[in-house]
There are 2 protein chains.
Amino acid sequence: MDDDQLSRVFAALADPTRRDMVARLAVGDATVGELADPYDVSVQAVSKHIKVLADAGLVSQSKDAQRRPCHLEAEVFDLMTKWIERYREQAQERYGRLDSLLAEMRGDERRTDHRNRQQGAAS
Amino acid sequence: MDDDQLSRVFAALADPTRRDMVARLAVGDATVGELADPYDVSVQAVSKHIKVLADAGLVSQSKDAQRRPCHLEAEVFDLMTKWIERYREQAQERYGRLDSLLAEMRGDERRTDHRNRQQGAAS
DNA sequence: AATGTTGTCAACCAGTTGGTTGAAGACTGA
DNA sequence: TCAGTCTTCAACCAACTGGTTGACAACATT
């Protein structure tokens, strides 16, 4: 049930524009227009991005006349951090213990290099 | 430049099936077939999922005859954690300080409830 | 009341994603 | 060598995504 929100949170942050907006909102609240300003896209597109962030629970919006100030919700980050830490610890614990040892005893070459797959331009 | 990988990592983890596989791999390495077993999809689909995880740098694959054992790469989690922590701290620091105070002085109702937007079935 | 500002909704479009099936590559074992 | 196992590649399809434009709701100002 939380799983669904976790999916939305990760999906929301998979977009560099949206991550950028989160960075901007970490500095302070901002209206949709203010958030749209630095980008070369329509306000409608930005509005959609904010909706995605809001649906993920990362952002809340309040009312100020026509304006809709956006506020970053820090608590949701904990949900992510918790998920990550669980498996990071689990994996790191395993690593350096007997797992890689056993692997070498089995004789397969561990850790094929995956780092040279693609080097796409940064956004 | 790292931004691109960060996008891939978040996108990879946005899928519950892939998160599940990460959870499985945290316990120990597994072949594609072993990973595919619990799911009701074709092996090809699972192979694609693994490719996504590998492209994100979350998983590496080695060779063992026809088999392709998958191994969880814990280091990449740090990339994510770093990004998250940066903005979480920044936002939480702001929260409880003068920001929300000023907001109340401006008289707008902060924090519209976003939690009742949708309650989709868990995956 | 009329106008301008701010933001969202609706419809549309191209590109991506997650699934399928079929074929083939790579290896083991009889 | 021939059959069987494990995995990936290729082509295809429906659904989703991120963008667009146009309309309009809500509010402030004149």
Side-chain angles (χ1 to χ4, degrees), chain A residues 4 7-22 25 29-56 59-71 106-109 112 114 117-118 120 123, chain B residues 3-4 7-22 25 29-56 59-71 106-109 112 114 117-118 120-121 123:
Chain A
D4 212 50
S7 291
R8 285 196 299 268
V9 171
F10 278 125
L13 295 177
D15 186 291
T17 304
R18 263 166 345 227
R19 278 202 308 278
D20 228 43
M21 290 178 180
V22 168
L25 287 173
D29 294 10
T31 67
V32 177
E34 285 165 355
L35 282 171
D37 218 40
Y39 304 103
D40 200 22
V41 297
S42 64
V43 185
Q44 290 96 319
V46 172
S47 179
K48 275 206 215 172
H49 278 307
I50 293 167
K51 184 167 168 27
V52 172
L53 289 169
D55 285 352
V59 155
S60 61
Q61 283 180 287
S62 36
K63 295 188 172 199
D64 174 21
Q66 320 98 339
R67 243 143 290 122
R68 294 286 175 278
C70 299
H71 176 78
R106 278 210 320 277
D108 52 339
E109 68 242 23
T112 295
H114 61 266
R117 274 174 192 266
Q118 76 286 83
S123 62
Chain B
D3 203 38
D4 213 49
S7 291
R8 285 196 298 268
V9 172
F10 278 125
L13 296 177
D15 187 291
T17 304
R18 264 167 342 228
R19 277 202 309 279
D20 227 44
M21 290 178 180
V22 168
L25 287 173
D29 295 10
T31 68
V32 176
E34 284 164 355
L35 282 171
D37 218 39
Y39 304 102
D40 199 22
V41 297
S42 64
V43 185
Q44 290 96 319
V46 171
S47 179
K48 276 205 213 174
H49 278 308
I50 292 166
K51 184 167 166 25
V52 172
L53 289 169
D55 284 352
V59 155
S60 62
Q61 281 180 288
S62 37
K63 296 189 171 199
D64 175 22
Q66 322 97 338
R67 244 143 290 122
R68 293 288 176 276
C70 299
H71 176 78
R106 279 211 319 279
D108 52 339
E109 66 243 24
T112 296
H114 61 268
R117 274 171 191 270
Q118 76 285 84
S123 64

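Residue numbering restarts at 1 for every chain, and letters A, B, ... go by the order of the sequence lines.
- Of the two residues contacting DNA chain D, namely B/K48 and B/E34, the nearest-nucleotide position lying further toward the 5' end is that of B/E34.
- Rounded to an integer number of Å, the gap from CG of A/D20 to C1' of D/dG18 is 16 Å.
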Footprint string (nucleotides 25-30 of chain D, 5' to 3'): B base within contact, S backbone only, - free, heavy atoms under 4.0 Å: -BBS--

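- Note that SG of B/C70 and CG of B/D29 are 8.0 Å apart. Values are rounded to the nearest 0.5 Å.
- Put simply, CG on B/D15 is 15 Å from C1' on D/dT17, counting in whole angstrom units.
- At whole-Å resolution of the value, CZ in A/F10 and P in D/dT17 are 17 Å apart.
- Separating the OG atom in B/S60 from the CG atom in B/L25 is a distance of 9.5 Å, to the nearest 0.5 Å.
- The side chain of B/T31 contributes an N or O atom lying less than 4.0 Å from OP1 or OP2 of D/dT7.
- B/D29 has its CG atom 17 Å from the C1' atom of D/dC6, to the nearest Å.
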From CA spacing to verdict: side-chain contact (heavy atoms from CB on, under 4.5 Å), A/H49, A/L53: CA-CA 6 Å; A/H49 278 307; A/L53 289 169; 5.5 Å; no

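- Here chain B contacts DNA chain C (any atom closer than 4.0 Å to a heavy atom, that is under 4.0 Å), and the contacts span C/dG18 to C/dT28 from 5' to 3'.
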May I have the list of side-chain donor-acceptor pairs in residues 34-45 of chain B shorter than 3.5 Å, sequence neighbours left out?
{"from": "B/E34", "atom 1": "OE1", "to": "B/T31", "atom 2": "N", "distance (Å)": "2.9"}
{"from": "B/Y39", "atom 1": "OH", "to": "B/D20", "atom 2": "OD2", "distance (Å)": "2.8"}
{"from": "B/S42", "atom 1": "OG", "to": "B/A45", "atom 2": "N", "distance (Å)": "3.2"}

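- Although no hydrogens or angles enter the test, the distance criterion places a donor-acceptor pair under 3.5 Å between the side chain of B/S7 and the main chain of A/A14.
- For B/R67, there are no side-chain hydrogen bond (donor to acceptor under 3.5 Å, both in side chains) partners, not counting sequence neighbours.
- Protein atom CG of B/D37 is 11 Å distant from nucleotide atom P of D/dT7, rounded to whole Å.
- Not one N or O on the side chain of A/R18 forms a donor-acceptor pair closer than 3.5 Å with the backbone of A/L13.
- Every residue two or more places apart in sequence or in another chain was checked for a salt bridge (charged side-chain N to carboxylate O under 4.0 Å, His left out) with B/R68, and none qualifies.
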Steps toward side-chain contact (heavy atoms from CB on, under 4.5 Å) verdict (A/R19, B/D3): CA-CA 10 Å; A/R19 278 202 308 278; B/D3 203 38; 2.8 Å; yes

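- A residue-by-residue look at A/T17 and B/V46 shows that B/V46 has its nearest nucleotide of DNA chain D further toward the 5' end.
- In this structure, A/D55 atom CG and D/dT17 atom P are separated by 10 Å, rounded to whole Å.
- Between the CE atom of B/M21 and the P atom of D/dT7 there is a distance of 12 Å, given to the nearest Å.
- Between the P atom of D/dT7 and the CD atom of B/Q61 lies a distance of 9 Å, rounded to the nearest Å.
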